[in-house]
Amino acid sequence: MAKIIDGKEISANVKAQVKAEAEQLKAQGIEIGLAVVIVGNNPASRVYVNNKKKACEAVGFDSYEYALPEETTQAELLELVEKLNADDKVNGILVQLPLPKHIDENAIINAILPSKDVDAFHPENVGHIMIGDFSFLPCTPAGVMEMLKQTGIDVGGKNCVVIGRSNIVGKPMAMLLLHKNATVTICHSHTKNLAEVCSKADVLVAAVGKADFVTPDMIKEGAVVIDVGMNRRENGKLCGDVDYDACFEKAGYITPVPGGVGPMTIAMLMKNTLTAAKLKNNIK
Ligand code: BQF
C-alpha cells in the first residue's frame, strides 16, 4: 500500500520558509513583487493565475496582475514585457501559458529579462539548468525534487523514468534527476514497450496529459509514482495521469491529484521570486 506524498503539506513548508525570508528582506526595506500576465479567457489559466496571486499574498509578496484581452497582439504583449523588465518593483515576470495561437510563445519568453524569468523558460536559464549552475529552476520539476527531498527519497543510482518530453516538465525534470545522480530514461509517444520500460522504474514521473494513462502493469512493486498530470474528467473532476485507485496498492509512494505536484509548482514559483529579489539586492 502506497504512502501518500502530500503536496499541500510540503508546499506549506516551502511557503513558510519563503515567507520568513521575505519578512527579513522587508525589515531591510526590500519589497518583493511578482507580475502575473494573462492573455485571453482560458478558464484553467484564470484558476492558475488566481492561485499564484493568492500565494503571493500568503508569503507577503506584492502581485501585479495584467489581464489582457484575447485580441492582444504580439507587439503589445512584447511592449508590456519590456515595461515590466524595466520596472524596479517587479522582481519576477510570469506570463501564463498557453498564449493565444496568434502569439509566438518563444518570442515572448525570449523577451523576458533572464534575471526576472521566475518560470526559468528563457534559453539563458535553460542553458544554466543544463550545466547545473542555475539560480532559477522550472517550478514543476523543482517542486517534484522538493517533494522527493522532504519525503527522504534519494534518487542517486536509482532508475528514474519520465514519461513526457516537454520543455516545461519532461526535459528539465530529467535533467534535475540526472543532477542528483539518477539513471534517467525519458519516454514519449514514440517509445516502444512503454509499459515494460516504466515497470523497471524505481521512480516514475508521469507528465503525459492523459487521464488514467499509468496503470498498475506499468509500475514496479514499491515504486515512487509522481503524477504531474492535470486533466479534467467528463464529470468536471480534476485528475492526473495516473490511475490512482488502481495503482495505490502496488506503489510504494504516490502523489494525489489534486493536492500533489500542483501546489508544489506554486510554492516553487514563490521561491524563485524570492531568489530573484535576493539576487537583485546582492543577498545570498
Ligand atoms: C492542486 C498547469 C498545465 C498547463 C499549464 C494546485 C495548481 C494546480 C493544482 C496550479 C498548472 C498546474 C499551473 C493544484 C499552475 C499547477 O491543488 O492540485 C495548484 O495552479 N498549477 C499553471 O500555471 O499552468 C499550467 C498545468
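Numbering of ligands and ligand atoms starts at 1, following listing order.
- The residue from N159, V144, V224 that alone fulfils the side-chain contact (heavy atoms from CB on, under 4.5 Å) condition with V203 is V224.
- For the salt bridge (Lys or Arg N to Asp or Glu O under 4.0 Å) condition, no pair includes a residue of residues 164-186, sequence neighbours left out.
- For residues 108-132, no pair satisfies salt bridge (Lys or Arg N to Asp or Glu O under 4.0 Å), with sequence neighbours left out.
- With M230 as the partner, the side-chain contact (heavy atoms from CB on, under 4.5 Å) test is satisfied by one option alone out of T140, L238, T265: L238.
- When hydrogens are left out, the protein atom nearest atom 23 (O) of ligand 1 is K52 NZ, 2.6 Å; that is the closest non-hydrogen contact.
- For atom 20 (O) of ligand 1, the closest non-hydrogen atom on the protein side is N51 ND2, 2.8 Å.
- Contact check on K200 versus E196 returns a salt bridge, with a Lys/Arg side-chain nitrogen under 4.0 Å from an Asp/Glu carboxylate oxygen.
- Atom 24 (O) of ligand 1 has its nearest heavy-atom neighbour, among Q96, K54, K8, in Q96.
- Y48 OH, 4.1 Å is the protein heavy atom nearest to atom 3 (C) of ligand 1.
- Judged purely by atom type and a 3.5 angstrom limit, N281 uses its side chain to pair as donor or acceptor with the backbone of A277.
- Residue I266 touches ligand 1 through its side chain alone, judged by heavy-atom distances below 4.0 Å.
- From the protein, the heavy atom lying nearest to atom 9 (C) of ligand 1 is M230 CE, 3.5 Å.
- Heavy-atom contacts of P258 reach the following atoms of ligand 1: 1 (C), 17 (O), 18 (O) (cutoff under 4.0 Å).
- Of the candidates G259, S11, G262, G259 brings a heavy atom nearest to atom 17 (O) of ligand 1.
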